[in-house]
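To keep things clear, I will list the structure first and then write my remarks on it.
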Amino acid sequence: MPVGDIDVLAGLDGIPDGLAEEATELALIDHHVHGCFADPIDRATFEEAFNEGSPDPIPSFMTQFDSQPGFAFRRWCAPLLGLERHAAADDYWAARAALSPAELDRRLLARAGVEHWVMDTGFNTRAITGPAEMAAESGGATSEIVRLEAVAESLLAARPGAGAVASDFPEDFRAAVADAAGRAKGFKTVVAYRTGFDIDWTPPSDADVSAAVARWQASEEAVPRLVDPVLESFVVHTAVATRLPLQVHVGLGDRDLDLHRTNPMLLLPLLRRPGVRGTAIMLLHCYPYHREAGYLAQAFDDVYFDVGLGVNYVGAQSRQLIAESLELAPFAKQLYSSDGFGLPELHLLGAVLWRRGMAEVMGRWVAADEWSEADARRILRLIGVGNARRVYDL
Ligand SMILES: [Zn+2]
């Protein structure tokens with residue numbers, strides 16, 4: 001999986017040759033990622049797509065290009081669009097707008113050097129490419145992660161107003177999860193967005209679940225949206241019982257979520273439950289709570305984490321984020337992800353910045369003789385590929 005013509009370690013000095021080669025050429029598993037925009041987008045949509053926190057248009061007094069990801073696009077992606085490094089924002093946009101979405105994907109995705117994309121297919125604010133298109137445009141394999149809230153909402157939407165839904169829901173949901181477990185590599189919950197983590201994690205009885213569904217139906221929302229803490233606890237425990245990995249959105253997201261209620265330490269009552277032990281709990285993104293996530297990965301055998309998303313959003317500062325991710329957590333408990341969504345720039349940049357950050361941080365330790373080069377190469381492979389292959393059975 002060639003990273004091809006990008007000199008991903010450009011400007012970094014003193015990285016031992018073997019580590020540099022490994023960091024440049026390692027074929028990665030991106031364990032949490034989404035598809036790319038299937039249709040052409042305008043500049044406003046483009047700029048909004050690399051502001052994670054705000055759901056609003058970018059204010060007229062600024063451009064989102066003036067941000068860490070904006071600078072990183074102009075540095076790392078501009079040459080792939082036929083421009084000089086650090087091309088001006090207007091030139092970048094003009095070159096990008098001249099290419100079809102499929103052509104952009106072809107130019108950018110393969111150069112991430114990802115051999116396997118583990119895709120979250122449950123969130124489509126607009127048309128997004130699916131696993132088959134991602135595989136065709138990148139040359140990598142794909143697997144699917146099923147979003148629990150989407151499964152529950154589709155059960156309700158499929159039978160609007162039917163009185164039997166509430167009483168049948170626990171059994172119907174268990175059947176839907178069992179069915180999904182046959183084709184997916186894991187599940188994902190966005191409880192961070194819906195209630196926050198500070199809810200009662202006692203597994204509810206079927207009667208309690210049915211009563212919560214009845215309340216949900218009575219709310220008469222046009223689009224059913226699962227926001228009930230009883231139902232969140234139910235869908236999470238149902239997925240955990242399959243023993244497939246459960247991905248949990250943690251930390252940074254748009255302001256729909258209360259960031260302070262997505263600190264993973266608030267998951268302690270869930271993680272301590274005997275029924276949860278034995279299922280891999282994958283804490284996604286975690287920024288700015290990556291140090292808390294690292295602690296939990298040390299404290300619980302089945303807790304893993306990544307710093308995807310954060311790496312893209314802090315750009316040139318990502319080596320510090322990566323260094324902090326390599327503090328407490330055992331190296332067997334960390335994974336690579338880009339969390340690319342919509343813009344193939346994000347899928348590429350996640351890989352470029354991760355390769356640079358890992359090489360620079362570990363290269364410094366090798367240069368100081370604190371680590372051997374062989375160990376650095378081994379840990380790079382573990383976090384970039386091996387842990388994901390083991391946990392998801394790829
Ligand atoms: Zn995501």
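Note that ligands are numbered from 1 as they come in the structure, with each ligand's atoms numbered from 1 the same way.
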Quick check on Arg243: does its CZ atom have over 12 non-hydrogen neighbours (other residues, nucleotides or ligands) under 6.0 Å away? yes
*Is the distance from the Zn ion (ligand 1) to the nearest N/O/S atom of His285 under 2.8 Å?*
no
Worksheet entry | Neighbour count >12 (heavy atoms, 6.0 Å) for atom OH, Tyr295 | no
Is it true that some N/O/S atom of His32, main chain or side chain, lies under 2.8 Å from the Zn ion (ligand 1)?
-> yes
Restricting to N/O/S atoms, is Asp339 within less than 2.8 Å of the Zn ion (ligand 1) or not?
yes
So CG of Leu108 and CG of Leu81: to nearest 0.5 Å the spacing works out to 6.0 Å
In His34, the N/O/S atom nearest the Zn ion (ligand 1) carries the name NE2
Taking the six-membered ring of Phe71 (Phe, Tyr or Trp), confirm whether the NZ or CZ of Arg74 is under 6.0 Å from its centre and within 45° of its axis. yes
